[in-house]
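Letters go in sequence order (proteins before strands), and every chain restarts at 1.
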Protein chains: 2
Amino acid sequence: MAATSKDVARLAGVSQPTVSRALRGHPSVAPETRRRVEEAARALDYVASERGRVLSLRKTHRIGIVVSDLTNPFYPHLLAPLHDYFKQAGFRTVLFTEQDEDGPTIEELADGSLDGIVLTTSLVDSPLPAALMHRDIPFVFLNRESDATADSAVVDNVYGAALVGDLLVELGHHRIGAVFGPRAASTGRDRETGFRRSLSKHGRSLADELAVSVPFSFSHGRAALGTLLARSEPPTALFCGNDVIALGVLDGAVELGVRIPEDLTVVGFDDITIASWAHIGLTTVHCDLDRLARTAGDLLLKRIADPDREHVRSIQRPHLVLRRSHARLQLPSSPSKKEH
Amino acid sequence: MAATSKDVARLAGVSQPTVSRALRGHPSVAPETRRRVEEAARALDYVASERGRVLSLRKTHRIGIVVSDLTNPFYPHLLAPLHDYFKQAGFRTVLFTEQDEDGPTIEELADGSLDGIVLTTSLVDSPLPAALMHRDIPFVFLNRESDATADSAVVDNVYGAALVGDLLVELGHHRIGAVFGPRAASTGRDRETGFRRSLSKHGRSLADELAVSVPFSFSHGRAALGTLLARSEPPTALFCGNDVIALGVLDGAVELGVRIPEDLTVVGFDDITIASWAHIGLTTVHCDLDRLARTAGDLLLKRIADPDREHVRSIQRPHLVLRRSHARLQLPSSPSKKEH
DNA sequence: CTGAAAGCGCTTACAG
DNA sequence: CTGAAAGCGCTTACAG
């Protein structure tokens, strides 16, 4: 259907390779020849087939991005800057989701259709990184880590979560709770570590019954709030494994008539856009996700260009953003089940 | 680097085409041959190169999805079901953004790297649809329309917006305002038409100074609220071109101390997930975006399978979802600038 | 049942 | 400066 370089060659009265050279701007092509070829190409609406080019060049200029769930409001914060970065660098973005067991198989990623891969979602025990490594397929971890020696762009989650621990203690809270993310994710695990470490540094600890681990989702955050408030000694402050969980907690709070921050302090992690909406005003740990994503893109492109370079782990230091979802513990005025 | 079918052939002691046949499950291959080939393939970690396959088969099993802005919280509602639908049908998803003038060129979409394209974002005057049509590249409009005879999956926007007009009138509002979407988008245009039509049906009209058109974005919605409230006769009810605009309006309201719905009724369109959060409680027009996206996917795949079939326009009828952002006009108790 | 041949549409040494 | 040749890695008639 579509015209090929042969058609253009015939029309321009040159050989097919000359069409290729002329259109790619090869310096040795005579100006007049180039003109004729360009004219013929235009006449035929010719666009060089990337199918042919890709097979010939062994480069696809395509990057795979693996996210867990497109529905999760966290991912656009990674996907958008990643896509823009790659687009500008002349690469296209192919989307993969890795939900439950149902992730992309190594075969899908290793069929030569991708120049490199961004893993944003891998669980600590995912077999994908090792498999990619074994096949020498360039990839980078974004917001994730693993034991594998690989490129990664991450936030210092331990540090960031400790900031929250420090804050909650300083605000005078004692019944501190946590809705951690999954331990199988490095972000979930590291944020838990940092938070616990901070509490023990201050001589506090996290009561077992006030700590849960849930997937990074709105609905799980929402449900977790109910669970924790049903404890005999419910928390007055809650660290959430990320903003999406915190948003769920906030939502549950409205539903349950729990006032934020008077009855409950809630702190998230990531600082996604929604956290800063006036309605929401979530106090959280700010990560520069745009920069994080671009850094990952950069690492991947460098790895593609030079497969043998040293692996680098780029760590970004986050900081607290104080908004309206935290408050000093108010012992006297608390209208809840204080008198028991 | 990676093993090719030739390597497998050598190891299995067969010809290269036999490897291809064996691995694709061609019925004529002898069981014992197939076994040997499979074993060799496994030993070499062989995965058939999709670069070769694609050139040979003239099918890429790749679908391009064009959205305007990945950052906009609306798009995941289309992207997620689209991606899932295509994935399940054996197609991959390549992402394109079309922001401002900076959209994908027809050359990018016509280079043979895509089997079909979903346009979710096209402005009425976009040259893309005509160019795709001219080149016989299968595509479908999702949540968009144009004059082009093409497949499309849309919501009855005129009808949905009229529902809002009816509601506002029935609630007793007279100073009715609107933050429409862009007229250059069929959704923006049709929702404006439907809304105006409903008002005139009830003998009302929209004061010019109470109607603005803005891009479908949070920040524009936010800014528009300020603009409209600064009018000499500010509105008591506001129709928003979509939920994202409405969310911006809600955000501005918090900032400006405008109470929703006591001081101002706000109604959106789309019913994205956030609209139903307890915090938000946005009254809006519900569209089944999941179904809409799957319908579009379906239309596109059918078009790919049969380029000559009749074009179909699938129209979904939306309905109102009453939540907490609307209220009956309360003349006496209004504490605002009533006494002038 | 399986091999040899041709072809998908490019790019890039290699000659001349 | 440009053509003929080879090759990228598959698939699929075509023979046998």
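Distance alone, capped at 3.5 Å, is enough to place a donor-acceptor pair between the Arg34(B) side chain and the His26(B) backbone. Ser152(B) contributes no side-chain N or O that, together with a main-chain N or O of Val154(B), makes up a donor-acceptor pair within less than 3.5 Å. Checked by atom type and distance alone, the side chain of Arg303(A) pairs as donor or acceptor with a backbone atom of Arg309(A) at under 3.5 Å.
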Letter by letter from the 5' end, nucleotides 6-16 of chain C scores (B base, S sugar-phosphate only, - none; protein heavy atoms under 4.0 Å) -BBBBBBB---
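Taking the six-membered ring where tryptophan is involved, the planes of Phe139(B) and Phe141(B) are perpendicular, since the angle between them exceeds 60° and thus also 30°.
Pairing for dA15(D) is with dT2(C), a Watson-Crick or G-U wobble pair whose two hydrogen-bonding atom distances lie under 3.5 Å.
A salt bridge between Asp84(A) and Lys87(A) is absent, with no side-chain N of the basic residue lying under 4.0 Å from a carboxylate O of the acidic one.
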